[in-house]
Student: 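Here's a structure for you.
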Amino acid sequence: MTQPTPIRRDRLRPRLLDLFSCAGGATMGYHRAGFAVDGCDIAHRPNYPFPYHHGDALTYLAALISSGGIHRYSFVHASPPCQHGCALTVGTNASQGWGRTHVDLVAPTRELLDATGLPYVIEQPNGRAEIRKDLTLCGEMFGLGVIRHRNFELGGWTAQQPAHVPHRGRVRGYRHGRFYDGPYVAAYGNGGGKPSVPELQAAMGIRWTDVREELTEAIPPAYTESIGRAYLAAVAPTGEVAA
């Protein structure tokens, strides 16, 4: 039997739009779950492993809605920049007088996503970002070498929250001048006992980029593979979400 070509396989897959796609951590997870994925990011991303639009994500989404191009998609994922509310940066921003330099893009992102009429996901780290925490995922749930809690608001569909798995120990690195060992690496920043790039790649499950900034900004693909599979399992053969 003739095997389908990549193009034919993509035609059989529901198409997903990944906004603020960075290097494609979320994208790869959705691809593994069974979606054909297009990305959009304002930065040039030569390591991004799938087709993507280089430009402002909200401008691009508004144009897709206006032109009707959004109708080629079945699902949208968005990870708007989190510096405004991320727990890792809020204190630093305040101490350095940076609190007004970051714009909260969650609300305008949600407004446009609602206008698409499509099911969607908004992802944010722990912090002040005003999203519903319909799902909270952790690396230990997937046997990863990072903890990396992430929250997900689900628009137009629901999924069951998996049980949180107790952590096996500490995140490796320096705290207040003292070094602590542990089974997890710190997937952010530089120095202070932070992991090497190969260690980050292994811990996150990301092999297609070796750029530290892209690795530290990424969502582990295991998270969105789980979300994508949950959504597809809830979709009836007609393409409608099961009640």
Student: Might you point out which heavy atoms bring V185 and A203 nearest each other, and give the distance in Å?
Tutor: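 Looking at all heavy atoms of both residues, the closest pair is CG2-CB, 3.6 Å.
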
Student: When the ring planes of W157 and Y231 are compared, do they come out parallel, tilted or perpendicular, using 30° and 60° as the limits?
Tutor: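 Ring orientation, 0 to 90° scale: perpendicular.
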
Student: Under a 4.5 Å cut-off applied to non-hydrogen side-chain atoms, are V197 and V211 in contact?
Tutor: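 Not in contact.
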
Student: Name every donor-acceptor pair, under 3.5 Å, that has one atom in a side chain of residues 18-26 and the other anywhere in the protein, sequence neighbours excluded.
Tutor:
from	atom 1	to	atom 2	distance (Å)
D18	OD2	T27	N	3.4
D18	OD2	T27	OG1	2.4
S21	OG	C40	N	3.1
S21	OG	C40	O	3.2

Student: Ignoring hydrogens and angles, tell me if any N or O in the side chain of R15 forms a donor-acceptor pair with the backbone of Y73 under 3.5 Å.
Tutor: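 Such a contact is absent between R15 side chain and Y73 backbone.
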
Student: In the structure I gave you, are the side-chain heavy atoms of L58 and P108 within less than 4.5 Å of one another anywhere?
Tutor: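 L58 vs P108: side chains touch.
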
Student: I'd like to check R72 versus L64 (side-chain heavy atoms, cut-off strictly below 4.5 Å). Are they in contact?
Tutor: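 Side-chain contact under 4.5 Å: yes.
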
Student: Show, in sequence, the C-alpha distance, side-chain angles and deciding distance for R45 and E217, and conclude whether the salt bridge (charged side-chain N to carboxylate O under 4.0 Å, His left out) test is met.
Tutor: CA-CA 13 Å; R45 300 292 183 183; E217 290 180 355; 3.7 Å; yes

Student: Sequence neighbours left out, what passes side chain to side chain donor-acceptor pair (under 3.5 Å) with R170? Give chain and number order.
Tutor: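 None.
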
Student: May I ask you to decide if F152's main-chain N or O and Q124's side chain share a donor-acceptor pair within less than 3.5 Å?
Tutor: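 Not confirmed, Q124 side chain does not pair with F152 backbone.
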
Student: Using the salt bridge (charged side-chain N to carboxylate O under 4.0 Å, His left out) rule, collect all pairs that involve residues 49-66, keeping only residues at least two apart or in two chains.
Tutor: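 Counting only pairs at least two positions apart or across chains, no salt bridge (charged side-chain N to carboxylate O under 4.0 Å, His left out) contact touches residues 49-66.
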
Student: Within the structure provided, determine whether H149 and P125 are in side-chain contact (heavy-atom separation under 4.5 Å).
Tutor: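 No, every pair of side-chain atoms sits at 4.5 Å or beyond.
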
Student: Ignoring hydrogens, what is the shortest heavy-atom contact between R148 and A218? Give both atom names and the distance.
Tutor: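 That closest heavy-atom pairing would be NE-O, 2.9 Å.
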
Student: Scan for side chain to side chain donor-acceptor pair (under 3.5 Å) pairs involving residues 106-115, sequence neighbours excluded, and state none if there are none.
Tutor: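 Of all non-adjacent pairs touching residues 106-115, those that pass side chain to side chain donor-acceptor pair (under 3.5 Å) are R110-E153, D114-Y120.
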
Student: Report the residues that fulfil side chain to side chain donor-acceptor pair (under 3.5 Å) with Y223, sequence neighbours left out, ordered by chain and then residue number.
Tutor: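 Counting only residues at least two positions away or on another chain, Y223 forms no side chain to side chain donor-acceptor pair (under 3.5 Å).
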
Student: Do side-chain atoms of S226 reach the backbone of A222 as a donor and acceptor pair under 3.5 angstrom?
Tutor: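 The answer is no, because no donor-acceptor pair under 3.5 Å joins these two groups.
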
Student: For a quick test of reading the model, state the closest non-hydrogen atom pair linking A187 to V146 and the distance between them.
Tutor: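 Looks like CB-CG1, 4.0 Å.
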
Student: Should E123 and I219 count as side-chain neighbours, where that means a heavy-atom distance under 4.5 Å?
Tutor: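 Side chain of E123 against side chain of I219, heavy atoms only: contact under 4.5 Å found.
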
Student: With no hydrogens and no angle check, is any side-chain donor or acceptor of H54 less than 3.5 Å from a backbone partner on I42?
Tutor: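 Yes; at least one donor-acceptor contact below 3.5 Å.
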
Student: Assign the ring pair Y30 / F75 to parallel, tilted or perpendicular, where the plane angle (0 to 90°) is split at 30° and 60°.
Tutor: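 Y30 and F75: tilted rings.
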
Student: To the nearest 0.5 angstrom, please state how far the SG atom of C138 sits from the CG atom of N126.
Tutor: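 These two atoms lie 10.0 Å from each other.
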
Student: Going by side chain to side chain donor-acceptor pair (under 3.5 Å), name the residues that satisfy it together with T216, two or more places apart in sequence or in a different chain.
Tutor: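 In terms of side chain to side chain donor-acceptor pair (under 3.5 Å), with neighbours along the sequence ignored, T216 is linked to no residue.
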
Student: If you look at every heavy atom in I65 and A115, which pair is closest and at what distance?
Tutor: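 The pair with the smallest heavy-atom distance is CD1-CB, 4.1 Å.
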
Student: Which value, rounded to the nearest 0.5 Å, describes the distance between R132 atom CZ and L154 atom CG?
Tutor: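 Going from the CZ atom of R132 to the CG atom of L154 covers 7.0 Å.
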
Student: Just by modelled atom types, is the V171 backbone N or O under 3.5 Å from a matching donor or acceptor in the Y180 side chain?
Tutor: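 The answer is no, because no donor-acceptor pair under 3.5 Å joins these two groups.
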
Student: Write down the atom of R168, the atom of L144, and the distance for their closest heavy-atom approach.
Tutor: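 Looking at all heavy atoms of both residues, the shortest contact is NH2-O, 3.7 Å.
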
Student: Just wondering, do P14 and L232 contact through their side chains at under 4.5 Å, heavy atoms?
Tutor: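 Side-chain contact under 4.5 Å: yes.
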
Student: Can you list the steps and then say if T224 with H77 is a side-chain contact (heavy atoms from CB on, under 4.5 Å)?
Tutor: CA-CA 9 Å; T224 48; H77 174 100; 4.1 Å; yes

Student: Does E130 have more than 12 heavy atoms from other residues, nucleotides or ligands lying within 6.0 Å of its CD?
Tutor: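 No - once you tally the heavy atoms of other residues, nucleotides and ligands closer than 6.0 Å, there are 12 at most.
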
Student: Using side-chain heavy atoms (C-beta onward) and a distance below 4.5 Å, is I122 in contact with N151?
Tutor: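 Result no, sub-4.5 Å side-chain heavy-atom pair not found.
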
Student: From R212 CZ over to E214 CD, what is the distance, rounded to the nearest 0.5 angstrom?
Tutor: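 Taking CZ in R212 and CD in E214, the distance rounds to 13.0 Å.
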
Student: Can you check whether H31's main-chain N or O pairs, donor with acceptor, with R13's side chain at less than 3.5 Å?
Tutor: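 Yes, R13 side chain to H31 backbone: donor-acceptor pair under 3.5 Å.
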
Student: Can you tell me how far the CZ atom of R172 sits from the CG atom of D181, to the nearest 0.5 Å?
Tutor: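 Here the rounded value is 7.0 Å.
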
Student: Under a single-linkage definition using a 4.5 Å side-chain heavy-atom cutoff for Ile, Leu, Val, Met, Phe, Trp and Tyr, are Y184 and Y174 assigned to the same hydrophobic cluster?
Tutor: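 Looking at the clustering, Y174 is in a separate group from Y184.
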
Student: Please round to the nearest 0.5 Å and tell me the distance separating atom CG of L118 and atom CG of L17.
Tutor: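 Answer for the CG-CG pair, L118 versus L17, is 9.0 Å.
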
Student: I need the minimum non-hydrogen distance between P221 and G205, along with the two atoms involved.
Tutor: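 Heavy atoms of P221 and G205 come nearest at CG-O, 3.7 Å.
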
Student: Using side-chain heavy atoms (C-beta onward) and a distance below 4.5 Å, is H167 in contact with I147?
Tutor: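 Side-chain contact under 4.5 Å: yes.
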
Student: Working to the nearest 0.5 angstrom, can you tell me the gap between L112 CG and L61 CG?
Tutor: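 Taking CG in L112 and CG in L61, the distance rounds to 5.0 Å.
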
Student: How are the rings of F50 and Y48 set to each other: parallel, tilted or perpendicular (split at 30° and 60°)?
Tutor: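 Answer is perpendicular, since the angle exceeds 60°.
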
